[in-house]
Asker: 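Please read through the structure below; I'll follow up with questions.
Order of listing sets the numbers, starting from 1, for every ligand and every atom in it.
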Amino acid sequence: MGYNAYITETEIEGGTEGPLAGTAVAVKDNISTEGVRTTCGSAMLSDYVPPYDATVVERLTDAGAAISGKTNMDEFGMGTTTETSAFGPVENPAAEGHVPGGSSGGSAAAVAAGDVDYALGTDTGGSVRCPAAFCGVVGIKPTYGLVSRYGLIAYANSLEQVGPIAPSVADAAELLEVIAGPDERDATTRDGREATGDDDFYDFTSAADADVEGMEIGVPTELVEGADEGVVETFWAALDDLEAKGASYHEVDLPSVEHAVEAYYVIAMSEASSNLARFDGVRYGPDGDYEGNWNEEFAAVREEGFGEEVKRRVLLGTYALSAGYHDKYYKKAQDARAWVKQDFDEALSDADVLASPTMPVPPMEMGESLDDPLTMYLADANTTPVNLANLPAISVPAGETDDGLPVGLQLVGPAFGEHAIIRAGSALA
Ligand code: GLN
């Protein structure tokens, strides 16, 4: 298909029975597939073929789904536009000439173009929700620990989750139902039934009943104020729609989110600098001519194999963790993270879900944002706080700006509150 949505097109067959029999799923290229190369959008891994499947891939094929291919992405998940891929940028099928969002841009584009039934993305700071919003489809970032990360090539472990991307909330819920649940190979997974005391916790499909009668929605002022006018108008129109269907809303304050983007980038880059150390041409990466000087060899492989954004982040992350600066940056970011969590808990004590625009801006034109990393980071203002707080969130299509660009509405729930966000989202899409 077009749009450069895939890095590798392939056909991994699924079983003949199960809830997903006869469907096709596109899988982001940082999720391991046995025998099919998995590149993370990086030249460093352009020839890497994993010897095993990620747990989520195993669950998909066990449920009967075929895997249509591995989708294009920002290199190692680092980006908001899917333009940092070593395999070239992806174009947005719902707004041609514009970026699809990132970093799971290939997954969202494959769904938006109608090429597959579902896709998997990963969300460290918005990478499922942002491309879902930009491409006019649905994306869910699950509660931290709901979905196994075994076989996911790590960017920032404490923040990320694999999540579904689909044309409707009901479809996304169905995919989540298949991939969710504890995994003995990922010690950070938790059983949602134990966490909630609800034996039917994994029945996400029935939660997509569009019944918002009596639902209370909190609207964090801070996440609406800074957004573009066209985005804000579309957001309020969607909220009016939810109100007409029986929900009520009130405004809430999340004072800490002002610091969320900074805290997110310090933590994400710090974790990345450590995770990416394994790409050294010895353990992973192209095998150079090792002639005894390991430092030179290591530097040469990384100079060649990593793109500019990845290098920037490894350098900044290493700096933030270094002796003498650790307390000034990393520790402060962890304090901010705790504050963000506390703010969300408070806001969710008298609201079922919190609503905001998913992205403060509509999809940018292709080529516009690469030279300005800071502006790109700031576009993550509404999504990153949710990862810092480990909460679940969904992005559903809210409508379009006057220029016909898709706008997403984000709904955030309490930990293991997947039912609430799915229910509210299904009233819109
Ligand atoms: N845009 C954010 C970043 O670049 C989020 C990416 C992601 O969720 N993988 O870090």
Asker: Walk me through it: do Glu308 and Lys311 pass the test salt bridge (charged side-chain N to carboxylate O under 4.0 Å, His left out)?
Answerer: CA-CA 5 Å; Glu308 202 178 319; Lys311 285 178 193 155; over 6 Å; no
Asker: Fit a plane to each ring of His419 and Phe204, take the angle between them on a 0 to 90° scale, and name the class: parallel (under 30°), tilted (30 to 60°) or perpendicular (over 60°).
Answerer: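 Correct class here is perpendicular.
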Asker: Which ligand 1 atoms are under 4.0 Å away from a heavy-atom of Tyr155?
Answerer: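 So the answer, numbered in order with elements, is 3 (C), 9 (N), 10 (O).
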Asker: Kindly identify the option in Cys130, Ser127, Ser104 whose heavy atom sits closest to atom 9 (N) of ligand 1.
Answerer: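 The option holding the nearest heavy atom is Ser127.
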Asker: Could you list which atoms of ligand 1 come closer than 4.0 Å to a heavy atom of Met78?
Answerer: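 With Met78 as reference, the close atoms of ligand 1 come out as 4 (O).
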Asker: Give the contacting part of Arg129 toward ligand 1: side chain, backbone, both or neither, where contact means a heavy-atom distance below 4.0 Å.
Answerer: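 For Arg129, no heavy atom sits under 4.0 Å from ligand 1.
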Asker: Which protein non-hydrogen atom lies closest to atom 2 (C) of ligand 1, naming both residue and atom, and how far is it?
Answerer: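 Ranked first by proximity to atom 2 (C) of ligand 1 is Asp380 OD2, 3.2 Å.
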Asker: Assess Lys141 for proximity to ligand 1: is some non-hydrogen atom of it under 4.0 Å away?
Answerer: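 Not so, Lys141 does not reach ligand 1.
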Asker: Give the intermediate values and the outcome of ring pair (Phe, Tyr, Trp, His ring centres under 6.0 Å) for residues Phe279 and Phe76.
Answerer: CA-CA 12 Å; Phe279 304 108; Phe76 288 103; 5.0 Å; yes
Asker: Ala268: heavy atom below 4.0 Å from ligand 1, yes or no?
Answerer: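 Not so, Ala268 does not reach ligand 1.
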Asker: For Asp123, counting its heavy atoms only, list the atoms of ligand 1 lying under 4.0 Å from any of them.
Answerer: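 It comes down to these atoms of ligand 1: 8 (O).
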Asker: Check this for me - ligand 1, Thr124, N or O atoms closer than 3.5 angstrom, yes or no?
Answerer: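 Such a contact does occur with ligand 1.
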Asker: Kindly confirm or rule out an N or O of Lys28 lying under 3.5 angstrom from an N or O of ligand 1.
Answerer: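 In this structure, Lys28 places no N or O atom under 3.5 Å from an N or O of ligand 1.
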Asker: What residues, two or more places apart in sequence or in another chain, satisfy side chain to side chain donor-acceptor pair (under 3.5 Å) together with Tyr329?
Answerer: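 Result, side chain to side chain donor-acceptor pair (under 3.5 Å) vs Tyr329: none returned.
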Asker: Starting from atom 5 (C) of ligand 1, find the nearest protein heavy-atom neighbour and note its residue, name and distance.
Answerer: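 Checked against all protein heavy atoms, atom 5 (C) of ligand 1 sits closest to Tyr264 OH, 3.3 Å.
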Asker: Nearest 0.5 Å, what's the CG-CG distance between Leu354 and Leu223?
Answerer: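 One finds 8.5 Å between CG of Leu354 and CG of Leu223.
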Asker: Is the number of heavy atoms from other residues, nucleotides or ligands within 6.0 Å of CD (Glu11) greater than 12?
Answerer: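 Result for CD/Glu11: enclosed.
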Asker: For ligand 1, which atoms, with element, lie under 4.0 Å from some heavy atom of Gly125?
Answerer: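 Here the atoms of ligand 1 in question are 5 (C), 7 (C), 8 (O).
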Asker: Decide if atom NZ of Lys341 counts as having more than 12 heavy atoms of other residues, nucleotides or ligands within a radius under 6.0 Å.
Answerer: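 Buried by this count: over 12 neighbours within 6.0 Å.
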Asker: May I ask you to decide if the ring planes of Tyr330 and His326 are parallel, tilted or perpendicular, using 30° and 60° as cut-offs?
Answerer: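 Tilted.
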